[in-house]
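A short write-up of the structure that comes next.
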2 protein chains.
Amino acid sequence: MQTVRQTVPDSNVPALCQRCPARHQGICGVLDGAQLAQLLKLSRRVRRPAGEELMADAMPISTYANVRRGVVKLSKILEDGRQQVVGLQFAPDLLGRPFATESRVSAAAASDVDLCLIPKNVLETAMAQSARLERRIMLQALRELDEAREWMVTLGRKTAVEKVASFLYLIATHEDANEERADFDLPLSRADIADFLGLTIETVSRQLSRLKADGVIGIASHRRITVPDLARLRLRCG
Amino acid sequence: MQTVRQTVPDSNVPALCQRCPARHQGICGVLDGAQLAQLLKLSRRVRRPAGEELMADAMPISTYANVRRGVVKLSKILEDGRQQVVGLQFAPDLLGRPFATESRVSAAAASDVDLCLIPKNVLETAMAQSARLERRIMLQALRELDEAREWMVTLGRKTAVEKVASFLYLIATHEDANEERADFDLPLSRADIADFLGLTIETVSRQLSRLKADGVIGIASHRRITVPDLARLRLRCG
DNA sequence: CGCATAATTGATAATGGTCAACTAAGGTGG
DNA sequence: CCACCTTAGTTGACCATTATCAATTATGCG
């Protein structure tokens, strides 16, 4: 028996894809060189600055977008302006709504982001041809469902400090591979964090100060956070 | 051109399925008589009383269950016992986690329920053979994701009255087909409603009393609710 | 009919929100 | 390169909403 490769060989893989951080994960991880080359030709790489709206609620969707770098926030607003962030997408997540003609959320760049825009019909054709791809996209939707439900617990049952600790833990484990300690830039402003946690910016700020006073985190600058002991932060998540 | 039928003809459909309220919806709606007969033979109809645990968190899953009647609540608990209901399943929803070996939530009968238990491998074989079925199951997962996100807005950004009104509106539109008025039994106890809304039972009770005092709802008995004007209830949802 | 449980109501406390003043930080032009 | 200016974030004082604790009242079942 031959050694089994982890992923499809890179021989025919386009150079751009080889350098892409999302290459071996997400939807690209299940495609071979020829399929990637095909998709690459029909898609478009773009950079969007933090804050830019990517997809409006209730707007027709004509493209999917693969997140290559940065963080995208998905949010919903009530008529009177109250806003709730309902999800965060990191590389290599796929942005867009399979089998729907319109979005039920609005998407905006939380940090500066690099995207790979794939026209709706192109990706859907690829899905029809590759069961692995369709399966992968379905698995992402199921993972997003798990994450949404996990977050419902945070929103419904946790205190303000626990909410902030949970958010920091989420980002720390996403941005920094280290198991014990972490040191990272927050991809969201205080206002976005507040909208994600169902709090006000003042409360977010106070709880960050509290965690800092307790020695659970360090705040190097407004955006820069250090976590000397992830297990201790974990304990504050409720 | 011939008249197009809404669903597959009933000629070969098993009698039990013909009488099933979920017959033309959910996963059964995409199966023909032969497929239904096959699934029927390999599945088992059971009745479970309100309160009974159906599936524990982090337990291996060996069966799916189609909800035929009643309401199932999906919930998560924190170590210290705080609980959050993260989803409600009505007929003809499918209960279970596609492509996962263990559940991330626990499921319990909120009201008395009738279920159709389908062994995991049986349904997964059927999915592999019917793209329509796989598609249908994926669509349900996407709908559940939408519902979860919708509820995140309620949990994170709505006031106590708005939460209670939103819950009543959800149930009213599910249990009663009427467009203007509704009259229904609550499938959940006050404790379950509180766990769904991220409130205490006392607050739920107070807000129900408030809505009653405002004439938005009538409370015939603890479980029986009347809504003279759904549009007015809708206004209270924030 | 009585009992056990579920729900309501009231009094009080705590958590987080609001409004306002102040401070840090990052970007631009002199 | 630094000073200024704008914006984002922090902190404080006070208030509102919801939680907590306790007592009372329905309701549905045996």
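Each chain gets a letter, A, B and so on, in the order its sequence line appears, and its residues count up from 1. Worth saying up front: this structure is predicted, and the values here are computed from it rather than measured.
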Could you run down nucleotides 12-28 of chain C 5' to 3' and tag each one B, S or - for protein heavy-atom contact under 4.0 Å?
----SSBB-----S---
On DNA chain D, reading 5' to 3', which nucleotide is the first and which the last to sit with an atom under 4.0 Å from a heavy atom of chain A, could you check?
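In short, chain A contacts DNA chain D from D/dG9 to D/dA13.
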Rounding to 10 degrees, work out the angle separating the end axes of the helix from C/dC1-D/dG30 to C/dG30-D/dC1 (five pairs an end).
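Rounded to the nearest 10 degrees, the bend comes out at 40°.
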Mind calculating the distance between CD1 (B/I219) and C1' (C/dA6) to the nearest angstrom?
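Spelled out: CD1 on B/I219 to C1' on C/dA6 is 14 Å.
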Protein-nucleotide distance (B/D192, atom CG; C/dT5, atom C1'), rounded to Å
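Interatomic distance, CG of B/D192 to C1' of C/dT5: 15 Å.
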Contacts of type salt bridge (Lys or Arg N to Asp or Glu O under 4.0 Å), residue [X], not counting sequence neighbours:
| X | answer |
| --- | --- |
| B/E147 | B/R143 |
| A/E52 | A/R48 |
| A/R68 | none |
| A/R136 | none |

Can you tell me which residue pairs pass the salt bridge (charged side-chain N to carboxylate O under 4.0 Å, His left out) test with a partner in residues 183-200 of chain B, sequence neighbours excluded?
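Found A/R157-B/D195, B/K73-B/D192, B/D183-B/R224, B/D185-B/R224.
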Run the side chain to side chain contact (heavy atoms under 4.5 Å, CB included) test against [X] and tell me which residues pass, sequence neighbours left out.
| X | result |
| --- | --- |
| B/A50 | B/D112 |
| B/A100 | B/R97 |
| A/A160 | A/L199, A/T203, A/Q207 |

Give every residue pair that meets the side chain to side chain donor-acceptor pair (under 3.5 Å) criterion with at least one member in residues 167-178 of chain B, sequence neighbours excluded.
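Qualifying pairs: none.
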Is a donor from one side chain sitting under 3.5 angstrom from an acceptor on the other, for A/K158 and A/S166?
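Indeed, the side chains of A/K158 and A/S166 share at least one donor-acceptor pair under 3.5 Å.
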